[in-house]
Amino acid sequence: MTGLNPSQQAIADRTEGIIVVDAGPGTGKTYTVVGRYLNIVKKRDVKGRDVVLLTFTNNAAREMEDRIRSQTVGKVPPDVEDKLKSIRVSTFDAFCLATVLDSPQSLSDFLGIRETLTHGARTVEKDSLNKIYFRQVLDRFLTGHAAEYPDAAAVASEHADALYQVIAKLMSRGIVPLRRGWFGGHDGRDLIGDLPAVREAVSELPSVKKKDPLQCPLPNPEQYRDSLLAAGFDLSGTDLFPNSLRTAAADEDRTPLLALVHDVYFEFIRRSIADDRLTFGLTACFAFLILYSDDTARRRLSCRYLMIDEFQDTNANQLMIGLMLLTEPNLCVVGDWKQGIYSFRNATVENILYFRERTAALRKFLNEDRPADRRRVPYALGEITELPLVENYRSSQLIIDAAYAALYIPTRSDEELDRATLDGLVTRITSARPAIGTATALECVSCPDSDSELDEVLRTVIGYVQHNQICEPDGTFRPARFADIAVLCRKTATCRALYDRCGTCGVPAFLQGDMEIMRTREGKLVLAWLKYVNNDFDRWGIVPILADLGYPAADIRNMIAPPDESRRLPIPDEVTRQRKALRQKRRRITDLVSSIFAFYGLNNDVTQAINTVLSSSHRNSLLTISDLINLIENDIATDTRYTVDGLPDRDAITIQTVHSSKGLEYPIVIIPALDRGSFPNTRGDTDVYQFQPVTGLRCRRAVVHFAGREQSVQPSWQTALVNLAFPPDRSEERRLLFVGISRAKQYVTLIAGSKPSTFFKYYAEEGSYPVRKAGTVPPHCPRLSELNQTTPVPVVPAFASRRRSLGVHDILRFGDEQENAGSGDEVCGKGMEYGTQIHLLAQKMAEGYEPTDREKTDYPQLTRVAAVLADINARHPDLICPEIECSLPVDGQNVTLRGIIDLLVVFPDHVEIHDWKTDVEDRFASEYRLQLSVYAHAAAGFYPNHPPVTCHLQWLTRETTETFTPLPPAAIAERTGEILAATDPAGRA
DNA sequence: GTAATGGATCTTTTT
DNA sequence: GATCCATTAC
């Protein structure tokens, strides 16, 4: 490969041995990895299968593979091209899942569990569902065993989520419960921690200067009064022996806690295996255990060369997997500890920072029980070479230096950072973009309050677009566009607020990442209109609508509830007219929602997402407006997030979190809300269960027994005291700022509100960066208010090129007979709740669940479900898959249909689609046939050989099955076209 | 002058 | 719960 710079070339050329690559931002990491990969594959004695490349995201894996292909097709000898057919590039998750499904028996053998995972094992990605599942496991377990750990069980049942989290943390470190005792973590000793070190740290806490009576280093000692008294400390005198208190905290007896965590953890694993239910964490942990315990499986999956990308995002478990995978010491890890921002996912930058020590220790652990000829890591680590990438092809030197400065800023006034240590860890990089010249700056803007902060962001955006020049890779300049600008926020809430402001001010923007879309302006407008349309008497539903239209608060009050009738104002015509129009659509929900957005001229990423969510939420039952209102309110209440994928197909700024900006680059970056408490976030760990190698496993809550047999769960003074001696590490916040600033090529604006954080103050006060006055308009820049009027709102061009996503239900027609919904065609006349419940139970039954008698009584249709499932099982299918999402691109239309198949059954020679229908009558049968046909064609697409697919309408109430072959794709395309013509605003125009 | 104290304010990130 | 900051105490 040509075009590699010397530091890149050195890495690509060193194909053997163990290499740690420090790849700073914008240094051409992917390029180098691909070059190195090809150099390895070109070797005569290397087969395609010998090389493995592991990444974290599907995108990264795909990009690596694409780049490898594009650089080789027709450019390398045929034998090399041949090797690339067996290329092994995958994500950690995918690799681990394959490993687990490869040898499920070894896993059960190792753990001593009777049950085994089957090929039908499914990964549940949604963490909220996993927490619910864990809670069930915990509750069931405690029912029989709570008495064995009296106090610990009481705390656990109150804090199931926290227990789940700490167990996930243990998994990521390869600490696993065996039937007896622990595996990994020095046979569980890590859970106790390094007691001498804890004792010493606690005893070195600053001496007590505070007044009596509680001579105790704890802040707010009063809240521990009860537990200290219960623990036998004498609080009567002025002198409370601080030293004995300290030792007692360090040496707290945690035997019951450890026993409980062990047993619940083991039970969670056992039940997950029995239920064929995986999480990301379990899969990774299981893959590790299989590679550890099954020599054959390890050899089968092994490789001679391994490269791991984004190595700063790995955890101990993944590093061990990597070490065991290799048969030779040819490991290349690539990453940048300065961009390690995923500790909440249990990643640890120590893997790359202290690579030498960690690999040596892990290798020792993995080999210690084995003779020399049967080692799991069968090679010596040998020399470990550290090779940095030092040339940055993205940013100006000014930006690079500003980013590096972030790593040295204290997060609170008394935090002391050791400059020398940091200097030792930091590899400096230099800008290789001289063409940028002086067209680069970092400026600071301080605002009086957080509301004007949003305006300031927009003002800054407009200033950039009007005045700044962007340096193209070839060195030429052109005027800046909206699309050159990214606003990177610490919190999603800020992203959302900003997006809303862009909407009202007419600045084109798209929101990226997982967002609480129901809390956006769009979401709130839908909710307000639905309420207003749904209920004549809900006068207050109209308030947000009027406010959004810009009516003054006083006028609104006089429209809704005037202090006296003489002041009453009429509801504006535009609103009543719209309400009337919407009321006529109240039976066509999707149409209704689209009309609401059309009223505002809104058609964007968020409206798309809301449309998809709302239309896919109704299943075969019909959705009422009340159902939708409930759904939205529930989503708001539970902070539900949905993925908004904005395609940058128009000139708009990007709004996203700093986290999701990793790996991306923009000419201009604005980082707002550098406010105290927010960025850096100073909220400490409040998880009830905590685990760190030094302090071990501890719990922040304890049961306090009062004299009179009463008891209650209170903060644990022991844990509080220990934590006081180990202040929280906020270096990740610095790295986050590093990531944010280093996304920029030329310009950065930092914005803070009335209480700027230490981060902001550093740049504004200590650096030599320009400070712009808030509210002042940059020269030549029109005032925002003027801009509001002169810029046509909305600045939303047609979305013709955009691929639309429709729910399958959107293309179904249920006719106007639905006016009678609730009496006739609504599922058994019992509403959506009923139908949803049956689907939920049917799903669980397909997974082996036996409904309770109560459920059988409440839902008589379940008998039919059981019969259908029994029939399916009797025919020995390869796979039964309930509730699987599918999507079908429609030929000739720029549309993808999405839906959820109730039950997908795979046989060796054909595939069946089953759908539960609870309708009393079959009047919608033809629509349902269309629905299942969509599923059928989507399912056929899963399989490369396109097996024949049959559809089965399961009429549960009528106790019949209707089997048919799917309608042709043309029928689906025709209907989709009709629906689009009727609802697409562009089509009408 | 320093040290203690109370009040106000903030409260994530998601393959 | 952690942090900063203004106020109070001496």
Side-chain angles (χ1 to χ4, degrees), chain A residues 54-62 90-97 123 125-128 130-131 165 168 172 206-212 218-224 279-281 283-284 309-310 312-315 318 339-347 410-415 449-450 488-496 512-516 639-643 656-663 673-688 690 700-701 715-716 719-720 723-724 727-728 730 732-733 735-737 739-740 752-758 761:
Chain A
L54 291 177
T55 66
F56 277 88
T57 65
N58 293 316
N59 272 341
R62 207 176 306 123
S90 89
T91 64
F92 261 105
D93 284 329
F95 177 83
C96 289
L97 186 62
T123 307
E125 300 184 11
K126 229 179 165 62
D127 222 29
S128 53
N130 291 329
K131 283 179 177 165
Q165 272 173 330
S172 74
S207 60
V208 181
K209 289 179 189 165
K210 293 181 184 179
K211 282 190 297 190
D212 298 334
L218 287 166
N220 285 330
E222 281 302 322
Q223 67 173 311
Y224 305 103
T279 66
F280 285 133
T283 308
D309 190 23
E310 302 283 10
Q312 76 280 356
D313 293 340
T314 53
N315 55 41
Q318 289 161 326
Q339 298 185 67
I341 53 175
Y342 284 105
S343 69
F344 65 94
R345 255 162 43 191
N346 300 318
T411 58
R412 64 189 124 84
S413 48
D414 60 344
E415 185 180 32
D449 56 78
S450 57
L488 308 181
C489 314
R490 178 66 182 61
K491 300 182 280 183
T492 45
T494 317
C495 291
R496 214 180 44 237
Q512 211 176 279
D514 283 5
M515 295 292 160
E516 295 158 2
D639 306 330
T640 307
R641 290 169 188 228
Y642 297 96
T643 305
Q656 60 191 163
T657 61
V658 182
H659 278 91
S660 56
S661 75
K662 197 167 145 220
L674 280 157
D675 298 332
R676 205 197 301 149
S678 303
F679 195 4
N681 180 345
T682 52
R683 192 191 166 193
D685 262 359
T686 49
D687 293 342
V688 170
Q690 57 177 51
R700 278 176 219 266
R701 294 281 180 279
S716 150
T719 307
N723 285 344
L724 215 57
R730 305 229 183 272
E732 186 153 305
E733 295 293 321
R735 297 197 291 269
L736 212 41
L737 184 60
V739 168
S754 58
K755 286 157 199 136
S757 69
T758 55
K761 281 198 247 175

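Quick note on labels: first sequence line is chain A, next is B, and so on, each numbered from 1.
Nearest to the side chain of A:Thr657, among C:dC5, B:dT15, B:dT14, sits B:dT14. Each of B:dT15, B:dT9, B:dT13 was ranked by its minimum atom distance to the side chain of A:Lys755; first place goes to B:dT9. Listed nucleotides B:dT13, C:dG1, B:dT9 differ in distance to A:Thr492; the shortest reach to its side chain belongs to B:dT13. Among B:dT13, C:dT3, C:dC5, the nucleotide with an atom closest to any side-chain atom of A:Lys761 is C:dC5.
As a whole-Å value, the separation of A:Leu97 CG from B:dT15 P is 17 Å. Rounded to an integer number of Å, the gap from CD of A:Gln318 to P of B:dT15 is 15 Å. Computed from coordinates, the A:Phe679 CZ to C:dT3 P distance equals 17 Å when rounded to whole Å. One interatomic measurement links the two molecules: CG of A:Leu674 to C1' of B:dC10, which rounds to 15 Å at whole-angstrom precision. Spacing between atom CG of A:Leu488 and atom P of B:dT12 amounts to 18 Å, rounded to whole angstrom units. One atom, CG of A:Asn681, and another, P of B:dT14, lie 13 Å apart when rounded to the nearest Å. Between A:Asn59 atom CG and B:dT14 atom P there is a gap of 15 Å when expressed in whole angstrom units. To the nearest angstrom, C1' of B:dC10 lies 10 Å from CG of A:Asp675.
Partners of A:Ala60 according to the side-chain contact (heavy atoms from CB on, under 4.5 Å) rule, which considers only residues two or more places apart in sequence or in another chain, are A:Thr55, A:Thr57. For the side-chain contact (heavy atoms from CB on, under 4.5 Å) test, residues two or more places apart in sequence or in another chain that qualify with A:Phe280 are A:Asp93, A:Thr123, A:Glu125.
A:Ser172 contributes atom OG, which lies 11.5 Å from atom CZ of A:Arg345 (distance to the nearest 0.5 angstrom). Between the CG atom in A:Asn346 and the CD atom in A:Gln165 there is a gap of 9.0 Å [rounded to 0.5 Å].
Residue A:Arg676 has no polar side-chain atom (N or O) positioned under 4.0 Å from OP1 or OP2 of B:dA8.
A residue-by-residue look at A:Arg701 and A:Thr411 shows that A:Arg701 has its nearest nucleotide of DNA chain C further toward the 5' end.
Within the nucleic acid shown, A:Ser343 has no heavy atom closer than 4.0 Å to any nucleic acid atom. Contacts of A:Phe56 with the nucleic acid, taken as non-hydrogen atoms under 4.0 Å apart, involve only primed sugar atoms and P, OP1 or OP2. As judged by a 4.0 angstrom heavy-atom cut-off over every strand, A:Arg412 is placed among residues touching the sugar-phosphate backbone only.
Under the 30°/60° scheme for interplanar angles, the aromatic rings of A:Phe92 and A:Phe56 are found to be tilted.
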